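A quick write-up on the structure given underneath.
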2 protein chains.
Amino acid sequence: MGNIYDVRTYEPSQSIGYLMTRVKVEMLAALDRELAADPHLSALGVTSAQFIVLVRLVGTGNRKSATDLCKELSYDAGAMTRMIDRLEKKGLVRRMRCMKDRRLIYLEATDEGRAAYPRMLEMSVAVQNRFLRGLGQEDAQKLKGYLTRMLHNAG
Amino acid sequence: MGNIYDVRTYEPSQSIGYLMTRVKVEMLAALDRELAADPHLSALGVTSAQFIVLVRLVGTGNRKSATDLCKELSYDAGAMTRMIDRLEKKGLVRRMRCMKDRRLIYLEATDEGRAAYPRMLEMSVAVQNRFLRGLGQEDAQKLKGYLTRMLHNAG
DNA sequence: ATACAATAGCGGCCTAGGCAGATATATCTG
DNA sequence: CAGATATATCTGCCTAGGCCGCTATTGTAT
C-alpha cells in the first residue's frame, strides 16, 4: 500500500537514496572548495566536517559538552573526541573541565573560532543557494518537508 | 534573485543541507542494520558502502574497470582500490587483468557475489520505501526532480 | 554506607574517502 | 623511432566515522 519502489522495476542509479548521497557529497565538496579558496579560512585549514561542528558550537550558544554536540549532530562519541582534538590543535576550540561535575568537559570556541563564524555562515548560505538555484520558496519548503518526513520515518 | 536562504535568517540546523546529510546517514545506518540482520548477507560481512559498489557492479553488467565504477559513483580511485581489496578478500569480486590494455583490470562479481544480488536489491527497496512512507508517487517524483536539479547545479 | 548502575570522555581497531606521488602501460606528436 | 602526454592502478598519508571496551565520576537503590 503506497510503496514507491518495486524490486522488479527498481533502478539503483535512479533511486532517491542514490541521488541524495550524491548531492550530499557534492555539497560538502563545494563547501571544501569554498573554504580552501577563502583567504582567512584556508589559513585555518578548516574542513567541511570541522566547519559543521564549529558552526553548531558557536551558533547555538557556548558552554556545550561533547555529548551535547554528539546528540545534536548524531555523531559518534569517539569520533567527536578526535574532532575536538583537531579543532583544539588549530586553536579554534578550548576544553574546560566542569568543576561541579568532573566528568563533564565544556567546549568553548576561542576568539579566533568566533571571529570566523560570520564568514562561515555566508559560505554555507552561498553554497546551498547555489545548489537550490531554479527552485522557488515553495519548492524549498516542499523539499524540506520531504526530508523532515524521511528523518521522522527513520524512527 | 530567487535565493532561498539569507544570512540574517539562516538556521543551520533547519537547512536543507543539514537535513539531507542527516537523512543520508540514517538511510545507510538502516541499511547496515538490515544487512547485519540478514542471515546470508551478515555472514558475508557486507557493509552498506560495499553493498553500493557491488550492486553497481552486478546490476549494470560485468566487465567493468575500477575507473568505470569511480566515474559512476564519483568515487576516489585510491579509495576504490582498497574497496576492491576488501570485496576480493571476502570472495565477492574478482580482478582480471585485460590482455589488450594491460593497464586495465576488469572486475567481475563471483558466483557468490551474484547470488547475493537479488536479496540486496530487496533490502535497498525496502529501506527506501520505509523512509518514503507517507509520500505519494507524485511527491517522490517531485523529490527526485529536486535532487536531480541540485546535482545539475553542482556543475 | 556499600554495591550497582548510569554518564562523560578517551583510546584502539576497523572501514572509509580525498589527495598527491609513483609506476606501468598506451597513445599521441614530432 | 624518441619523447611527451594521457590513462589505470596502486600506495602512503591525512581526515573522518562507527563500535567496543576502559576509566573516572556521579547518581541510585538496598
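So that the names make sense, note that chain A is the first sequence line, chain B the second, and so on, each numbered from 1. Everything quoted here is computed from the prediction, not taken from an experiment.
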* **Side-chain N,O (A:Arg95) to OP1/OP2 (C:dA8) below 4.0 Å** => no

* Asked: Checking all strands, does A:Thr67 fall into the base, sugar-phosphate, or nothing category for heavy-atom contacts under 4.0 angstrom?
  -> sugar-phosphate

Are there any protein N/O atoms within less than 3.5 Å of an N/O atom in nucleotides 25-29 of chain C, and if so, which ones and at what distance?
residue	atom	partner	partner atom	Å
C:dA26	OP1	B:Lys100	O	3.4
C:dA26	OP1	B:Arg102	N	2.9
C:dA26	O4'	B:Arg103	NE	3.4

* Asked: Once you round it to whole Å, what is the distance between C1' of D:dT11 and CE of B:Met80?
  -> 17 Å

* Separation of C:dA16 P from B:Leu54 CG (nearest whole Å) -> 12 Å

* Structure fact -> Residues at least two apart in sequence or cross-chain that pass side chain to side chain contact (heavy atoms under 4.5 Å, CB included) with B:Asp32, listed by chain then number, are B:Leu35, B:Thr47, B:Ser48

* Asked: For B:Arg33, which residues count as a salt bridge (charged side-chain N to carboxylate O under 4.0 Å, His left out) partner, sequence neighbours excluded?
  -> none

Collect all protein-nucleotide pairs involving nucleotides 12-15 of chain D in which both atoms are nitrogen or oxygen and the distance is under 3.5 Å.
residue	atom	partner	partner atom	Å
D:dG12	O6	B:Arg82	NH1	3.0

* Pairwise ring-ring contact (aromatic ring centres under 6.0 Å, His included) hits with a residue in residues 93-112 of chain B, at least two apart -> none

* **Rounded distance in Å - CG (A:Asp32) to P (C:dC19)** => 8 Å

* Asked: Which residue lies toward the 5' end of DNA chain C, A:Val25 or A:Thr81, if each is placed at its nearest nucleotide?
  -> A:Thr81

* Provide, to the nearest angstrom, the distance between the CD1 atom belonging to A:Ile84 and the P atom belonging to C:dG11. => 13 Å

* Structure fact -> side chain to side chain donor-acceptor pair (under 3.5 Å) pairs touching residues 141-155 of chain B, sequence neighbours excluded, are A:Asp139-B:Tyr146

* Asked: Can you name the residues that form a side chain to side chain contact (heavy atoms under 4.5 Å, CB included) with B:Arg103, not counting sequence neighbours?
  -> B:Asp101

* Asked: Looking only at atom types and distance, does a side-chain atom of B:Arg114 sit under 3.5 Å from a main-chain N or O of B:Ala109, one as donor and one as acceptor?
  -> yes

* To do: Could you say whether A:Asp85 or A:Leu104 is positioned toward the 5' end of DNA chain C, judged by the nucleotide with the nearest heavy atom to each?
  => A:Leu104

* To do: Give every residue pair that meets the ring-ring contact (aromatic ring centres under 6.0 Å, His included) criterion with at least one member in residues 8-37 of chain B, sequence neighbours excluded.
  => B:Tyr5-B:Tyr10

* Specify the separation, in whole Å, of atom CG of A:Asp68 and atom P of C:dA8. => 8 Å

* Structure fact -> Of all heavy-atom pairs linking B:Val58 and B:Gly113, the shortest is CG2-O, 4.4 Å

* Check the distance between C:dG9's P and A:Lys64's NZ and give it to me in whole angstrom. => 13 Å

* **Sequence neighbours excluded - salt bridge (charged side-chain N to carboxylate O under 4.0 Å, His left out) pairs with any residue from residues 6-16 of chain B** => B:Asp6-B:Arg8

* Asked: Please give, in whole Å, the distance from C:dT23 C1' to B:Arg97 CZ?
  -> 11 Å

